[in-house]
Amino acid sequence: MLVKRAKLSWLERLYFPALLGGLKITWRHFARTLFKKAVTMEYPEQRHQLPAGYRGAPYLVKDPDGNTKCVSCQLCEFVCPPKAIKIIPPGPDGQPPDRANAEKMPREFEINMLRCIFCGFCQEVCPEEAIFLKEDYSLVGLTRGEMIYNKEKLLQLGGTHHGPIKKWEQKLREARAQEAFPVKQG
Amino acid sequence: MDWDFIIISSVKIVCAVVALLTMVAYSVLVERKVSAFIQDRVGPNRTAPPLVAAIPVIGPFLVRLGIFQPLADGLKFILKEDFTPSHVRKIYFWLAPAVAMVPAFLTIAVIPFGSTLGKQNMVIADLNVGILYSFGIVSLAVYGIVLAGWASNSKYPFYGGIRSSAQMISYEIAMGMSVVPVFMMVGHLNLSEVIQAQADGGWFVWRSPMTFLSFVIFLIAAFAETNRLPFDMPECETELVGGYHTEYSSMKFALFFLGEYAAMIAVSSLMVVLFFGGWTLPFFGLNQPAESLGMGLLHIAIFLGKMLFFMVVFIWVRWMIPRFRYDQLMDMGWKRFVPLALANIVLTAVWMWWMA
Amino acid sequence: MSAPDLLFYLFAGLTLLSALLVVANPFSRNPVTSAMFLVLTMVFLSGLFVLLHAFFLAAVQILVYAGAVMVLFLFVIMLLDVKEEERRRIKAFSLGLGATGVGGLFLLIVISIFKGESGAGGYPRIEGSTFELGRLLFTNYLLPFEIVSVLLLVAMVGAILLSKKDLK
Ligand code: SF4
Ligand code: SF4
C-alpha cells in the first residue's frame, strides 16, 4: 500500500508549529508532575491494590484444623508446564498423613520459583484444593537455591485456607446453582 | 616570568575545572530529573548517604531531590568492570574517551564567566582571537567520537563514527558562519569585547533581526555539534544500538558521557557570551565591571544562571521533538542553514553600510 | 635560553617528529595512524604560530586543518576502508621524480632564506580585530586574495564535476 505523503504548508515546513506543539505537551506533563503528582508509584512503600483472583506465587495451604491438605497425588507435578514442582511421595513406610481419610502426604514438596510461570494449572488441577496461587508477585533471593521453596516454607507462606475441604462438593453446589450439572447423582 | 600571573591563573584554572566537573555531574542529575518530570515520573529520589538522611526535614528533602545521586553514579562508574573487547584497536580505544573529554574543557579557557573579582578579570585567557580558538577546539571534539567508532572495530560504532564526522563538519560550517554577523557588529574577535559591546548596545538576540537569525542558527548547530537530540545521529540507539560508545564500559564510557555534558556547558556558555550579554544584566548597574567583591560574585552567578537556562533548553528539547533522519539532517545543514547564514552575513553588511 | 626559545625547539622538534611519523612510521602502516599524526603536526605547527604571536593564524590552523580538513581525511579513509598499506616496491622512476620535486622545493626555500634580509621582527597588528583584517585583505592583499578565491572556486567546480558520475 502506498501512503501519500501529506503536503506540508510553508509554516509547517518551518518546523515551528511542531516545536510549539512539543513545548506545549512537554510543559503540560512537566507542570503536572511538578505541581500535582507523578503517575508512577513509589514501589516498595506503595503497593498495588491487587484485584481479587490475582495469580501470584503458588503456595500450599492447610485446612482450618491445621492439617496439610495435599495428598501427594502428583497431579500438579504432572501438569506443571515448566516442571517447577517436584514432589517426593512418602513411600510404603513413610510418615502417616496429618488428617484422617487421607491416604498419604508428601514427604517433600518443592516449587522452583525461578521456573514457575504463575500459570495456575496446579491450583486448577489439584483435587484437594491444597495449592493456591497467592498474592505474592515479587520473590527475591540471593541464590538460586534460595528460590526453591520447600514444603515447610510453602505451607508457612500459604497459611490456612478456610472453606470447604472437599472440592467436588463445592463444584457440585456451584453446578446445582447453575442447574447444569452433567453427572448423575448417586 | 611573572609569578603572580602564573599563580593566579592556576587558581582560576583549578576553580574553573572543579566547577565545570561539578556542573557536569549535576547537569546529569538535572537531565534525569527534568526528563522524569516530563514523562510523569519522579526521577532519582533515593540515594542517601547514611548520616545526611538522618537530618530531620532537610535530609529527606535533599534525598528526594536526588542531590546525592551524582556521587552514587560516579562511584558506580568507577567500580564497574572496565571491559576491553578483544577485537578493538587497543591504543585508539583507550585514547578516544580522553580525546572526547578534553576539548570541552579547553573551551572554557577563553570564556569570560564574570567581570572582575578584586582586581582579577574572571577569564582564564583573554585571547584576542577567543572565538576562533573556541571554534577550533570545539572542532577537535569530533576526533574522540570518530576514533571511538573506528577503534571499536565493529559495525554499529563504526557507523556512529562516520555519521558524526560528516555531521560535525557540516554543522561546524553553519555554526561558524552564523556568528559572523555578531563579529561584524562588534569589530573584534575577543569575547570580552563582545560582552562589552552588548553592555553598551543591548544583547545581540534582540539587537537586530540578523543577529536573532544568527542566534537561531547557532542554537540549532549547537545541538548538532554536541550530538544532542534531535540530532544525536552518532549514538542513535534505535538504529545503532549505542553508536560510537557501544563497546565501551565503566569509566571509559563515563568519559564520553561527561564529555557530552561538558560540551553542552561549553556551547551554552558560548551562547550566553555571544548573544545574551555574558555576565551583564541591563539594569541595577550590573552592566559595568564589578567594583566590589559581592558584585563580582553576583556577575558570576548571573552568568551561571543564564548558562543553566540553556542547559535546561538542551535537556527540554530532547523530549520535544523526535530524532531527525540522517539525510534530513544533512539536507538541513547544507541546503538551509549554510545559505541562510551566508545571506545573513550579506544582509548584515548591507545593514551596517546603510547605518553608517 | 629563555622559555619561548625552549618552547620553539620543543614545538619544532615535535612538529618534525610527527611529520616524519606521518610518512614513515616504523610501528604501524595504518592510514588512520598517519592521519592522526598529521593532526598532531598541525597542532604543533599552530603552537609555533602562537610563539610568533600570530594567534589568528594559530587558531585558524587548528580550526581549518585539524578541525575540518583532517576530519574529512579520516572520513574518507574510514569510508573507503583503506587497508593497512602493504610495503610497495618503489620504482626508480617515481623515486627520482619525487626526489627532484622535494629537492627543488628544499633548494628554493634555502635560497630564499639566505637571499632574504632578516628583519627586526615584530608582532602582527591584525590579530583579533576584524576591521584591520578585512581592510588589509581588501586593500594590500586584494590580488592574492581574489586569485586564491578564484582558485578555490575552480577547484570546487572541478571536484563537483568529477564526482558526478553521468555528465550530460
Ligand atoms: S503455577 Fe503453573 S508453573 Fe507454577 S507451579 Fe503451578 S503449574 Fe507450575
Ligand atoms: S498439591 Fe494438590 S495436585 Fe499437587 S500433589 Fe498435592 S494434592 Fe496433588
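Labels below follow one simple rule: chain letters A, B, ... track the order of the sequence lines, proteins then strands, and each chain is numbered from 1. None of the values given here were measured: they were computed from a predicted structure.
Ranked by heavy-atom pairs shorter than 4.5 Å toward chain B, the options C/Ala59, C/Ser46, C/Ala68 are led by C/Ala59. Among C/Val71, C/Val43, C/Val64, the residue making the largest number of heavy-atom pairs under 4.5 Å with chain B is C/Val71.
Contacts between B/Ile173 and chain C at a heavy-atom distance below 4.5 Å are absent for every atom of the residue. Heavy-atom distances place the side chain of B/Ile169, and not its backbone, under 4.5 Å from chain C. Of the atoms belonging to C/Thr33, heavy atoms from both backbone and side chain fall under 4.5 Å from chain B. Using a 4.5 Å cut-off between heavy atoms, B/Val142 touches chain C through its side chain atoms alone. Proximity to chain B is limited to the side chain of C/Val60, based on heavy atoms less than 4.5 angstrom apart. Proximity to chain B involves both the backbone and the side chain of C/Met70, based on heavy atoms less than 4.5 angstrom apart. For C/Val32, the parts lying near chain B are the backbone and the side chain together; criterion is any non-hydrogen pair under 4.5 Å.
Within residues 134-141 of chain B, the residues having any heavy atom less than 4.5 Å from a heavy atom of chain C are, in residue-number order, B/Phe135, B/Gly136, B/Ser139, B/Leu140.
Annotation: C/Phe49, atom CZ; neighbour count of heavy atoms from other residues, nucleotides and ligands within 6.0 Å is above 12. Residue-environment remark: OH (B/Tyr159) stays at or below the threshold of 12 foreign heavy atoms within 6.0 Å. Residue-environment remark: OH (C/Tyr65) stays at or below the threshold of 12 foreign heavy atoms within 6.0 Å. Atom CZ of C/Phe73 sits in a sparse spot, with 12 or fewer heavy atoms from other residues, nucleotides or ligands closer than 6.0 Å. Crowding of C/Leu72 atom CG: a count of heavy atoms from other residues, nucleotides or ligands under 6.0 Å exceeding 12.
Here C/Met36 contributes atom CE and B/Leu95 contributes atom CG; the two are 7.0 Å apart, rounded to the nearest 0.5 Å.
Side chain of B/Tyr133 to backbone of C/Ala58: no donor-acceptor contact under 3.5 angstrom is found.
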